[in-house]
Every structure is written in C-alpha cells, then in structure tokens.
Amino acid sequence: MIKEVIENLPGLIHTVEVGATAQQGGTRSKVIKVGGENALPFLFKEGKIPNPPVIAYEIWDIKPADWPQALGYFYSDVWGDPLEWAEKVVKEYKADLLCLKLMGAHPELNRDIDEEAKLVENILKKVNVPLIIIGCGDDARDNLVLPLCSQVAKGERCLFGEVTQDNYKTLTAAVLADGHNIIAQSPIDINIAKQLNILISELGLELNRIVINPTVGALGYGLEYTYSIMERLRLAGLNQDKTVASPFIGFAGQESWRAKEARAPESEFPQWGKEGRRGYVWEMVTAATLLLAGTDILVMRHPQAVEKVKRYIEEFNKDKEGLCLL
Amino acid sequence: MEKLKVTFYPYNQTIEVEKGKTILSAAAAGGIYINSACGGNGICGRCKVILKKGVVSTKPSGMLSVKERENNYYLACLTTVQSDLEVEVPPESRLSFDNLSQEELSSQVKNFSKPTQQSSYKSSTAEAFKNLPLVFKLYLELPPPNLDDHISDLERLYRQIRMYHDIPIMQTGLANIRQLAETLRLADWKVTVTLGKRDGTTEIILIEPYDTSQRNYGLAFDIGTTTICGQLVNLNTKEVLSTKMIYNKQAVFGPDVITRIVYAQQDNGLEKLHQAATEGINEMIQKFIQEKNIDLNDITCILCSGNTTMIHLLLRLNPTYIRKEPYVPVANFIPAISAGEVGIKINPRGLLFCVPSVSSYVGGDAVAGVLACGMDKEKELCLLIDIGTNGELVLGNRDFLISCAASAGPAFEGSGVTSGMRATVGAIQKTRINSFTKKVEFSTIGGLKPCGICGSGYIDILAQMFKAGILDRTGKIINQKDWHIRDTQYGKEFVLVEKQDTAINADIVINEVDIENLKRAKAAIFAGASILLRHMGLDFKDVKKIFIAGGFGNYLDIQSAQIIGLLPDLEKERFIFVGNSSLYGARKILLSCADMDKAKEIACKITYFELSVEPGYMEEYIAALFFPHTDLSRFSNINI
C-alpha cells in the first residue's frame with residue numbers, strides 16, 4: 001500500500017470578487033468569487049478550495065471576422081447586435097459571467113469610443129450577470145476606450161483588461177477610481193507576471209483586485225508550457241509570495257479556435273472528421289487542462305464545450321475526496 | 001559596380017568605394033577611424049560627419065538635432081555614398097585619447113606598487129631576482145680579454161651577468177651575437193644589457209654601448225572590448241609616468257566579442273581587427289613618448305591583459321573556434337614574443353607578454369584582476385565583479401576559483417548610451433536629484449563643465465531617478481511637471497543638464513532606450529553572479545568580500561548600485577572598489593616575474609563555468625530586469 005502524500009502549503013490565493021449586487025452598490029444579481037484556495041486545483045484533501053472555477057461566455061461588440069461556422073451556428077443571428085448576444089447567452093445558455101470584447105475600438109475598425117461606453121452601459125442594463133470587459137489590444141485606443149467604460153460601469157465591480165508591462169498605468173488608474181478589478185497579462189513568463197503585479201499594486205490597486213492572464217496556448221500549441229508556468233506561479237503563490245498569489249483567467253476559446261485542428265474544413269482533411277465537432281472538442285480539452293493548471297476563470301465560446309467543462313467542474317467538486325475521472 | 005571617391009577631411013585622404021556603401025565603411029576601408037560604439041547600427045550617434053559636397057542617401061535618426069541636420073551633419077553609419085563626396089570628420093567623431101591622472105586612478109587595490117629609489121637591478125639574492133620586472137637592464141663593465149683570460153665575448157658577457165644574478169640558462173639572438181664583438185670594443189667594454197625573461201630562460205634582448213640602465217620603460221595595457229587603457233611605467237623606479245585611455249577602434253566592426261569574431265571570418269576581417277588594435281596601441285605609445293620625452297628604444301617591453309578574443313585579435317590568431325562548440329581558443333598561455341612581430345612599435349627587439357587566459361570567455365583580464373585583488377590568497381570567500389562589456393565574474397578564495405562571463409554590453413563604459421562617455425575629465429560621475437530645489441546636482445571628474453555621463457554617473461542617476469519617482473521599476477520614465485522630461489523617438493527623455501551649462505553645447509540626457517541598455521547590463525551581471533553562487537551551493541550572504549572592478553574613475557556609489565539591483569543587498573563594508581583591476585594586475589606582472597608565475601598559477605586554478613548552457617540563467621536574467629529585482633525580498637534592506 002502506497003502511503004498517500006498530503007502536502008500543506010502555507011500561502012493563500014487572493015479572493016477576487018467580480019460583480020456588485022444592490023447591497024454593494026451595484027446592480028448585479030450575484031457576485032462571483034474566484035480564488036481563496038490554499039491548495040493546488042482540486043486537491044481537496046490538502047486544503048480549502050472555497051470557490052470553484054467559473055466560465056465566462058465571450059461576446060463581441062461587432063461581428064467577429066474570424067469565428068468559424070461552427071460558432072456561427074449558435075451566434076450568427078446575434079452577431080453585430082451585442083445586446084441580443086448578451087441576452088442570448090444569459091437566457092439560453094445560462095451564462096454566469098460575460099466577457100465583452102470591445103474589438104470594434106481597434107484603429108482599423110475605429111468604432112466611436114462613446115458608442116463603446118454606451119454599449120457597456122446598455123449591456124449592464126440588459127443583463128444582470130457580472131461583466132468582464134476586454135479592450136481591442138491596441139494600447140493607444142484601449143487607453144481611450146477602457147477608462148470611459150470604467151466610468152460608466154462605476155460601482156459594478158467589473159473585471160477590466162488587459163494591462164501589460166508596457167501599458168498598465170492608464171487602465172489601473174481608471175479601475176482604481178471606479179472600484180473595478182484588473183487583468184494583468186504576461187507573456188508566459190513568471191517573472192514578468194510578478195513584475196506586473198508589483199507595478200500595479202504600487203499604483204495603489206490592492207492585490208485582491210488583480211487577476212493574472214498568464215497567456216495560454218491551446219492543445220498542441222504550447223499548452224504544456226502554459227501548464228508548467230501556471231503551476232509554478234501557483235506554487236509560488238501558495239508558498240507565500242503574495243505578489244503572485246492571484247487567480248488566473250484563461251482565454252481557452254480564443255486560443256482553441258485559432259488552432260488549425262479546430263478550423264480546417266473536412267474537405268481539406270477528410271480523415272479528421274467534421275470540423276464542427278473537432279472545434280468544440282479542441283476547446284473543451286484545452287479548457288479542461290487549464291482547469292487542472294489552476295485557471296479560475298475560463299473564457300469560452302462554444303456552448304456545448306462550456307456545458308461539458310461545467311460538468312467536469314461539477315464532478316470534480318462533487319468528489320471532494322480526490323480526482324474523479326469522468 | 002560603380003566606384004566613387006570619398007575624400008575625408010581633415011585627413012585629406014581619398015578612398016574609393018562602391019556606390020551604396022556607408023560612409024562609415026568607406027572610412028574603415030581607408031583606415032580612417034570614426035567613433036562608433038554600436039558597430040554601425042545607427043544607435044549610438046557617435047559617427048557624426050559633415051557633408052561638404054556630393055549626394056548621399058540617409059535614414060532618419062533621432063541622434064541628430066535639428067540644428068545639426070541643417071548644418072549637413074549625417075550619421076556615417078546610416079548614410080550611403082551616392083556620388084563622389086567630400087566629408088569632414090568633426091573633432092567629436094575622431095578617435096581621442098584621454099589622459100588619466102594618477103589621482104583619478106587611485107584605487108584600493110592592495111599591493112599597489114609604490115615608486116622606489118632603486119636604480120638598478122644588481123642584486124645577487126634569488127628572491128630579489130624573482131621580483132625583478134619582466135625586462136630589466138644591467139650596466140656592466142667587463143674586464144677586457146687578455147692571454148690569461150681569453151674566453152669568448154659572449155661567455156665573457158654571461159660571466160659578468162652571473163656575477164650579479166644566478167641565471168643558469170641564458171640565450172641570445174644571432175643578430176645580437178653578430179654585433180657583439182664590435183659593440184664591446186667600441187664601447188670600451190662598458191655596455192648595458194637588457195635581459196628579458198621568457199618563461200624558464202633569460203634572454204639578452206639588447207646590448208647597448210655604455211650605461212643606459214637608467215632608461216628602461218615598460219607598458220602595461222588593458223585591452224578591453226570597448227576601451228583600451230595603457231600605462232607607461234619606469235621599470236627602474238616602478239613609477240607610473242602616464243595613463244591613457246581610448247575607445248577600442250575595433251568597435252566600428254562590432255560592439256561585442258561575438259560580432260567581432262564573426263567579422264574576423266570575413267575577407268581580410270581578422271587583419272583589419274588586428275590593425276585596429278595595434279594602431280590604437282601604437283598611437284597611444286607615440287603620445288606617451290612625446291609627452292614624457294622618451295626615446296622609443298628605451299621602451300623594452302609591453303604586457304597586455306585582455307579577454308581571450310582581444311588577445312587573439314591583437315596577435316592575429318584565428319578567433320573562429322572561440323565561438324563554436326566546444327569553444328576552444330588557439331592559445332591561453334602565450335609565450336613571450338617579439339613586439340615587432342605583432343606590429344607594436346617599441347624597441348624593435350622589445351618583448352610582448354600576455355597575461356594567460358583561462359578559457360574562451362574568461363581571459364587574462366580576469367586573471368590579472370584576481371591577482372590585483374589578491375583573491376587567490378584570501379581565506380574568506382570573495383567575489384570579483386568586473387563591470388565591463390564582458391562582465392567577468394570570479395568567485396573563490398585560496399582554495400578554489402571559479403569564473404564565468406556575463407555579457408553585459410558596453411553601457412557602463414559609456415558606450416551605446418546617448419550621453420555616455422568614458423570616465424575621464426568632464427564626465428558626470430556623481431549626481432543627486434534634489435526634490436526640494438528641483439535641481440539635478442552633479443559633480444564631474446576634474447570639476448569641469450560636464451561633457452557627458454560615465455558608468456558610475458549612470459548608476460547614480462538611475463538610483464536617484466528611481467528615488468525621486470521619475471523612474472518606475474521597469475525602467476520607464478514617469479512624467480513629472482517639475483522636471484525637464486520630453487518625448488523623443490527613443491521614448492521619454494530626462495534632461496539632466498541643459499545645453500548652456502555643458503561643455504559640449506548639447507543637452508545631457510538619459511532616455512528610455514539608454515535605461516533599457518543599462519538595465520540589461522545590470523541584469524546580466526547580477527544574474528551571472530547569482531547563478532555562479534547557486535552553482536556552488538552558496539548565497540550572496542556567504543561572500544565576505546566583493547571586489548568591484550570597472551572603468552569608473554575613482555568613484556562608485558555602492559548604495560546606488562544596490563538600489564538599481566546591480567550589486568547585492570549586503571553591508572557596505574563588504575564591497576571594495578578596485579577600479580581597473582585588469583590594468584593594475586597587468587602592471588604588477590610587468591614589474592615582477594614572481595607575479596607572472598602567480599598569474600599562470602591563477603589561470604590554471606580558475607575553473608570556467610559556462611553560463612549560456614545553464615538552464616536557470618535566462619530566468620534569473622528576466623527576474624533581474626526590474627528595479628531592483630523581481631524578487632524584492634532579496635533587496636529588503638534597500639530603503640528609498
């Protein structure tokens with residue numbers, strides 16, 4: 001009989017709260033808590049894991065140019081109408097959390113910045129789940145758009161992103177003033193993740209308002225590297241390095257649907273089978289692996305993949321004695 | 001290909017080049033040296049030239065001011081020849097020598113040789129003989145031969161020498177023997193012999209009529225990747241007569257050893273690099289003899305300390321295999337050779353010695369440094385950090401020595417940074433940012449109006465900017481209304497000294513690209529030291545003495561270096577600033593054969609540790625790319 005090894009780690013991951021109810025000065029129906037554990041993912045015997053991972057549905061302000069038909073099957077009726085899109089995922093797919101990507105703000109599309117702020121305001125009126133708001137990735141535009149959105153969402157305790165080592169000051173200041181949380185993105189590098197957290201916290205934002213995006217790769221595209229970086233970060237956090245003890249957000253949908261294996265049509269690779277099914281399996285496997293690496297918030301696209309991963313989470317949590325393989 | 005003519009003033013030299021070549025490469029082809037620290041990448045802005053006539057094509061550069069552009073200034077490395085040209089090389093772009101006073105070079109290196117009153121080397125004890133310089137002169141009055149005493153001229157000379165020193169093996173070149181009979185008789189049997197020590201043997205390298213023993217000079221050189229430092233020493237009195245420094249002319253072919261090795265593999269590349277080294281040294285020697293009114297023939301030896309690549313290039317040895325696995329140099333222990341053979345102009349029979357190297361990337365400069373600090377005799381654990389382009393690190397004590405090279409780049413030598421300069425007169429070496437008066441206070445070497453910033457000045461400035469909240473932990477400049485901060489194409493720029501208060505009629509500044517270079521340099525050195533210690537199962541706190549070497553003049557603020565994370569967070573008392581330890585070591589060896597033997601011992605004793613194959617190095621480096629460090633707990637005593 002091999003003796004079971006139980007390891008108790010001294011640190012604690014910060015608890016980040018996304019969304020504010022009326023009681024807390026917002027209008028959300030619930031608050032989503034992530035983090036707060038003192039053990040590695042799903043190792044219930046080693047410590048407390050109070051908050052299970054959550055999944056956010058990714059929605060866009062514009063019609064996404066590169067989402068394949070497998071996703072269009074579910075969303076093409078609401079593409080270009082983000083309010084309808086938001087309502088659809090909340091009502092039909094029972095989304096707990098939304099991740100709104102303001103891609104239209106990109107200089108190539110150049111959507112009006114006031115319009116983007118108005119959109120955030122309207123989505124907050126239309127649905128009552130907590131909100132993650134992500135910029136287009138262009139620093140200059142994000143620095144204009146996101147502070148405005150932060151302002152109109154004041155009190156709702158959203159999760160705003162993303163800041164990087166080269167561009168963190170503007171959004172951090174806005175988020176600090178309006179009571180939101182922030183996503184700190186680092187390029188699969190534990191040192192830079194830590195440096196960015198230090199920089200943000202030195203601007204006055206508490207560490208329990210930071211979520212780390214360690215940057216992830218999809219299955220077959222660096223997932224194992226992602227995994228080891230996340231595990232090392234989490235171990236450092238659980239060994240009392242407070243500057244890296246942040247929950248993780250993982251963009252599983254975005255990464256998986258970039259993979260050739262998820263997108264290539266059956267006509268090109270007949271032996272691979274139907275692309276629709278392949279894509280969602282790819283997203284599901286990627287997301288499930290990220291859960292094992294410690295991801296607290298998954299951002300996903302395909303409703304069936306979301307359903308499957310939700311079941312994983314439920315099963316894992318049901319069996320608090322250890323890992324339950326489905 | 002169309003050939004065009006480029007005439008360079010004030011040299012009045014015309015060089016033929018192919019259309020489309022840069023002005024910098026045209027100059028280099030003709031042996032005209034234009035300053036360039038970045039190796040022609042358009043980064044350093046040192047190769048400014050003035051176009052007098054002709055058509056060129058150039059790329060934009062922020063290194064030229066609007067006024068300079070109006071006055072037809074161009075960067076030689078970014079400007080290509082499109083027609084016949086006339087180009088002037090302004091004084092600031094010409095290679096210049098810097099004199100260093102003794103005071104500036106005073107350092108805490110132990111066993112600093114003091115001038116002695118000893119005027120000749122006539123002593124019979126074995127101990128004294130070991131402590132003679134590598135080359136020494138003896139004045140001899142030989143008894144003329146007669147029928148009773150009729151041994152040969154050469155044996156007579158040996159016999160006389162052995163009356164003073166017990167030298168079992170002596171040798172003499174044929175040329176000297178050929179002239180011997182005449183010289184002895186013309187000089188009435190009164191001659192001066194110059195004896196040079198070549199490993200186990202002693203050679204008569206020169207026989208001069210009458211007494212010239214009072215005039216015996218030697219040169220100690222530190223040949224760095226970025227700067228060359230030379231010292232003229234009176235070998236009789238051990239007195240340093242002059243010290244000079246120039247940028248290494250090889251910099252036009254690349255800023256670091258790797259790019260130079262690559263260049264050496266090109267057509268004629270090795271020859272050009274060799275020429276650049278010897279020319280720089282020869283020009284410095286000319287300055288020395290003019291300044292001190294010395295006859296070139298009285299300089300009898302030169303000792304060179306340098307990294308392995310620099311010594312290869314100096315001797316025109318093929319450096320190719322230094323760069324290729326398994327990284328093997330042609331030679332680590334270079335025997336004494338004739339300086340003339342290398343192209344160094346001293347006495348034609350003078351000898352050239354090199355400090356032995358350890359490996360491809362740890363050279364004689366590190367060995368000389370260890371010797372200068374006396375690390376090899378220390379009981380306690382010591383660390384020698386050379387804050388130079390190659391960033392040699394040596395860890396150990398009398399029981400063991402281990403070394404690695406953390407390629408840091410030339411930023412701390414004032415190269416590749418906008419207002420950078422060597423640690424010479426006019427360089428800002430100390431600063432304080434006064435938050436009350438909102439002024440940048442500074443002091444320069446020599447107390448003159450500032451011309452630029454040297455390494456120690458940069459260390460101070462970064463620490464001060466950080467303390468004043470002008471610099472964030474990543475090295476970005478934070479806009480603050482009280483200070484003169486402006487946007488440039490190199491990111492934000494902090495103006496330290498306004499144009500009107502400088503000696504160069506240009507603002508003295510530091511920009512974000514400079515800071516990035518300095519940050520990388522400090523990270524490479526700190527990460528190298530951390531990994532070296534970790535490899536030995538040790539920690540910074542185990543190190544009792546840290547010797548800091550580098551071309552910093554006479555000042556380095558340890559606390560500033562700790563604030564930026566260049567040096568570890570340890571008590572100030574553990575740090576010993578030793579200045580240019582390579583040059584000091586070189587001089588020690590020049591002045592004592594015993595030290596040459598010691599240098600050989602040290603070179604054999606040092607174990608080389610290859611950083612580049614160490615898996616943890618890159619991560620340690622990234623962690624150090626932060627002010628002071630990503631792991632703030634390692635700098636917990638630093639209060640800012």
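Below, chain A is the first sequence line, B the second, and so on; all start at residue 1.
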Partner residues of B:His484 under the side chain to side chain donor-acceptor pair (under 3.5 Å) criterion, sequence neighbours left out: B:Glu498
B:Leu393 vs B:Leu384, side-chain contact (heavy atoms from CB on, under 4.5 Å): CA-CA, chis, key distance, verdict: CA-CA 6 Å; B:Leu393 301 158; B:Leu384 168 65; over 6 Å; no
Interatomic spacing from CZ in B:Phe627 to CG in B:Leu518 - rounded to 0.5 Å: 7.5 Å
Listing needed: what donor-acceptor pairs below 3.5 Å join chain B with chain A?
from	atom 1	to	atom 2	distance (Å)
B:Asp472	OD2	A:Tyr168	OH	3.0
B:Asp472	OD2	A:Lys169	NZ	3.4
B:Arg473	NE	A:Glu202	OE1	2.7
B:Arg473	NE	A:Glu202	OE2	2.6
B:Arg473	NH2	A:Glu202	OE2	2.5
B:Glu619	O	A:Asn191	ND2	3.0
B:Glu619	OE1	A:Arg232	NH1	3.1
B:Glu619	OE1	A:Arg232	NH2	3.1
B:Glu619	OE2	A:Arg232	NH2	2.2
B:Ile622	O	A:Gln195	NE2	3.0
B:Thr630	O	A:Lys194	NZ	3.4
B:Thr630	OG1	A:Gln195	NE2	2.5

Ring centre gap for B:Phe526 and B:Phe635 strictly below 6.0 Å: yes
Parallel, tilted or perpendicular: ring planes of B:Tyr608 versus B:Tyr361, cut at 30 and 60 degrees: tilted
B:Thr389 side chain to B:Glu413 side chain, donor-acceptor N/O pair below 3.5 angstrom: yes
